[in-house]
4 protein chains.
Amino acid sequence: MLSVTPQEVFDTRHRNRDQKRTAVLNAAAELFLKNGYHRTRLDDVAESLGITKPALYNYFKSKHDILLGCHMHGHDLIDASLGEIEEEGGDGLDRLRNLIRAYAGIMTMPFGMCLVRLDEHELSDKALKLVTTRRRMVDQRFKHYIETGIADGSIEPCDVRITAFWIAGALNWVSHWFKPGKGLSSGQLQEQLAEDLTRGVARGSRR
Amino acid sequence: MLSVTPQEVFDTRHRNRDQKRTAVLNAAAELFLKNGYHRTRLDDVAESLGITKPALYNYFKSKHDILLGCHMHGHDLIDASLGEIEEEGGDGLDRLRNLIRAYAGIMTMPFGMCLVRLDEHELSDKALKLVTTRRRMVDQRFKHYIETGIADGSIEPCDVRITAFWIAGALNWVSHWFKPGKGLSSGQLQEQLAEDLTRGVARGSRR
Amino acid sequence: MLSVTPQEVFDTRHRNRDQKRTAVLNAAAELFLKNGYHRTRLDDVAESLGITKPALYNYFKSKHDILLGCHMHGHDLIDASLGEIEEEGGDGLDRLRNLIRAYAGIMTMPFGMCLVRLDEHELSDKALKLVTTRRRMVDQRFKHYIETGIADGSIEPCDVRITAFWIAGALNWVSHWFKPGKGLSSGQLQEQLAEDLTRGVARGSRR
Amino acid sequence: MLSVTPQEVFDTRHRNRDQKRTAVLNAAAELFLKNGYHRTRLDDVAESLGITKPALYNYFKSKHDILLGCHMHGHDLIDASLGEIEEEGGDGLDRLRNLIRAYAGIMTMPFGMCLVRLDEHELSDKALKLVTTRRRMVDQRFKHYIETGIADGSIEPCDVRITAFWIAGALNWVSHWFKPGKGLSSGQLQEQLAEDLTRGVARGSRR
DNA sequence: GATGAATGAGCCTTCATTCAT
DNA sequence: TATGAATGAAGGCTCATTCAT
């Protein structure tokens, strides 16, 4: 949680530049998710921050750049999680479950949702390559843990690519239907999915 | 396969209206998926059909209306499948597997992909309601079959809502990664997913 | 009154061409007056006649041409009246009153209203010249009768141009406020105006 | 007279908004009257002000809105006159003559001409209601003064509605034929019409 | 750094007119 | 002659971006 509201960030003149950048991204992500990238005008973003449109250009060089920022921020969240999971160790199945937990959690947060719900066609070619690369890294991690699990016997042999995709898909979709404060909490959901999505995958699940 | 190319449909002045409407939708869906809704100009759609932009207005009353048409067409495909599945019968698990097969197949086809990959924010309020209603019907079907399976003992008791969502999510995501002619065929994928996504759900899957 | 409705005119194949032209003009005039020239599409005109748009081009070569037709028809009505008034004779004041009566009557009829209420800017240069010429003829007639009246002593000396214009203006304006079936009838209005507009003009009206 | 030309108003970035709004209206009114509303493109209006089309949208939200602005400005002129006339007092006939003078003057000015010569069908429904309401207020004033005059004996009894309409019509028509610098001046015209249009109306004008 | 104003580029939509049957 | 379909031409409006203060 921020200790100041996004508007307050802009209240004082000489506040940290990164803080302001983040405030812009937060405001933009919220509006992009609510109304779509195209239906969100920079005026809307600026207004929600209590500043004016041209001021945004002090922190981002274009609207596309803000969109890219949202994606990058989302991926930063994922990467942080990936690091923690590695540190925690365990066999392939353990790590897969930890990844599912972490990824599911991210999909309940605005920047995580951005990764799935915002139209990637709006990214510039260069930006798209960046995003695609990072996305592949995540896919790789899913595959890697599955392969690890197969190798160490914690996971039943399977088509790794398909399995990784359907698990990732099940998780990505969370960003479309999860509503905070309604139904399960984010934490409960993480546990549930870690369990449900690995039940048919874990060793011994096949008769 | 069509017996005529999209361009040929417009070769003769007087041809079946529905055929032309469908040709427009096909062309639009392809471009929307490839380049995004916004980056696709009506000129592009028209050009790919060998006609001029205003001619499109003989078949659709706006660009938004074409988008809605894509969604409706996708849902028509789903609804047709839903009918067939009902006719086929079986216990809850059988039906769920049939639904997964059918739905996975649809997600490998352009109009199915449209349902997932095109930004719904571009739909008018009225159109969005239409789409949302039909989408809920599909969600309901997933839940219904799971409940049926629990009742008839073919499926282990579980959180129906969550289970329906993660299965649907795994399937929807197919529209993002499936590339025809690369890897598994659509048919193979359907079988694989029908098996994989129910393994942890079917009776006896829990020790 | 027509003995057939406009739609019926087009029912039989080989009806008089002029009859069809007139039917088109009637329909167009009504719509032009009701909705304005620009807001009236040729589709609307065609629909009100029970035919299709391209059929109109058998009788008029453009929408502008239809507009010109309305103007010409209106002026034909005036010219016919002018002829009758000349035949009737009388002194300048008598003729002026007859002119007022006739002109007021025409201003209560659709084609008369067209002359005043339709935007002349839509006429082509050539058409505008035609219309302007005929309009000047009418103005001339007003002036001529006033001059005649001054010469023969039936009308008090005055600024002929101004007088002609204000009388014509008073009459033209009828086309904006006259509603058939409400208030005075067209005939009563003609008498009233013939009296009112000449009271301050006739000999002896100045003390 | 303006102390700056219309173009100069837009020379500096930060100048009184109202001044710019008025400059837009002036430019638009001139072009609308000269070429008609439809044949005037916003590009034309912008060009005549030395700015570009979208800049107009800083001051008006649509082309229709500019048209409405012209009408409103015209009515503001009238309303200002109506206030002065009331202050000046006099009997019904005096006031009617003052009204004729003022109204005739307004009909020689661009914004006054707009009220009569621009096609009201281009106004939105809402705007049309606004305009119609104000127009009725003016009509009411004509009627009111005539009634007052009849009551105080300065005007002969007559059909008030018809009389008001023909006087107003005679005046409105000024906007169609008056050319500044040709023939009578605006002031002379006002006097002439105040005299001419009341000669047959004033007490004692009927024998 | 911030802002009010202005711009450039683009695209949807309309509709009179024409074409092909 | 009549029509369904197609087109050419045009113009209003939006909005990300830049300019000038």
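From a predicted model like this one, the values you see are computed outputs, not experimental measurements. In the text below, chain A, chain B and the rest are named by the order of the sequence lines, each starting its count at 1.
- A 4.5 Å side-chain heavy-atom check between L115(C) and H71(C) finds at least one atom pair inside the cut-off.
- Remark: N58(B) is not in phosphate contact with dA5(F), judged by side-chain N or O atoms under 4.0 Å from OP1 or OP2.
- With the nearest nucleotide of DNA chain E identified for both H38(C) and T52(D), T52(D) has the one nearer the 5' end.
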Item to complete: For DNA chain F, just give me the dot-bracket, please: Watson-Crick or G-U, both distances below 3.5 Å, ( ) intra-strand, [ ] crossing earlier pairs, | paired with another strand, . unpaired.
Response: .||||||||||||||||||||

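- When the P atom of dA6(F) is taken as reference, atom CG of L42(B) falls 15 Å away, rounded to whole Å.
- For the pair K63(A) and Y57(A), the NZ or CZ position fails the cation-pi test of under 6.0 Å to the six-membered ring centre and within 45 degrees of the ring normal.
- Contacts with DNA chain F (heavy atom under 4.0 Å) in residues 118-130 of chain B: none are found.
- Atom CZ in R135(C) sits 10.5 Å away from atom OG1 in T133(C) (nearest 0.5 Å).
- In terms of phosphate contacts, R17(D) brings a side-chain nitrogen or oxygen within less than 4.0 Å of OP1 or OP2 of dA5(E).
- R39(D) places its CZ atom 17 Å from the P atom of dA9(F), with the value rounded to the nearest Å.
- In this structure, CE in M113(D) is found 7.0 Å from CG in L33(D), a value given to the nearest 0.5 Å.
- Taking atom CG of residue L31(A) and atom P of nucleotide dA16(F), one finds them 12 Å apart after rounding to whole Å.
- Taking the side-chain contact (heavy atoms from CB on, under 4.5 Å) definition, one finds that E30(B) meets it with nothing, sequence neighbours left out.
- Atom-to-atom, CG of L56(D) to P of dC15(F) comes out at 17 Å; the value is rounded to the nearest Å.
- With sequence neighbours excluded, the residues satisfying ring-ring contact (aromatic ring centres under 6.0 Å, His included) with H38(A) are H38(B).
- Checking the phosphate oxygens (OP1, OP2) of dA2(F), a side-chain nitrogen or oxygen of Y59(C) falls inside 4.0 Å.
- Under the rule for a side-chain contact (heavy atoms from CB on, under 4.5 Å), the partners of H121(B) that lie at least two apart in sequence or sit in another chain are R39(A), D119(B).
- In this structure, F32(D) atom CZ and dG11(F) atom P are separated by 13 Å, rounded to whole Å.
- We find that R117(B) and E120(A) are not joined by a salt bridge, their nearest charged nitrogen and carboxylate oxygen being 4.0 Å or further apart.
- A salt bridge links R41(D) to D44(D): one of the charged nitrogens lies within less than 4.0 Å of a carboxylate oxygen.
- A straight line from CG of L49(B) to P of dA5(F) spans 16 Å, rounded to a whole angstrom.
- For the pair D43(D) CG and dA9(F) P, the computed distance is 18 Å after rounding to whole Å.
- Ring planes of H73(D) and F111(D): parallel class, angle under 30° (limits at 30 and 60°).
- Where P54(A) and Y57(D) each meet DNA chain F at their nearest nucleotide, the meeting point lying more 5' is that of Y57(D).
- Along DNA chain E, the nucleotide nearest to K53(D) and the one nearest to T40(C) differ in position, and the one closer to the 5' end is contacted by K53(D).
- Using a 4.0 Å cutoff on non-hydrogen atoms, no part of residues 60-73 of chain C comes near DNA chain F.
- Side-chain contact between H64(B) and L68(B) is absent, with no heavy atoms from C-beta onward closer than 4.5 Å.
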Practice prompt. List the steps, then state whether side chain to side chain contact (heavy atoms under 4.5 Å, CB included) holds for I66(B) with F32(B).
Written response: CA-CA 10 Å; I66(B) 295 178; F32(B) 288 169; 4.2 Å; yes

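- One atom, CD1 of I51(B), and another, C1' of dG8(F), lie 15 Å apart when rounded to the nearest Å.
- Among the nucleotides dC19(E), dA6(E), dA2(F), the one closest to any side-chain atom of A55(C) is dA2(F).
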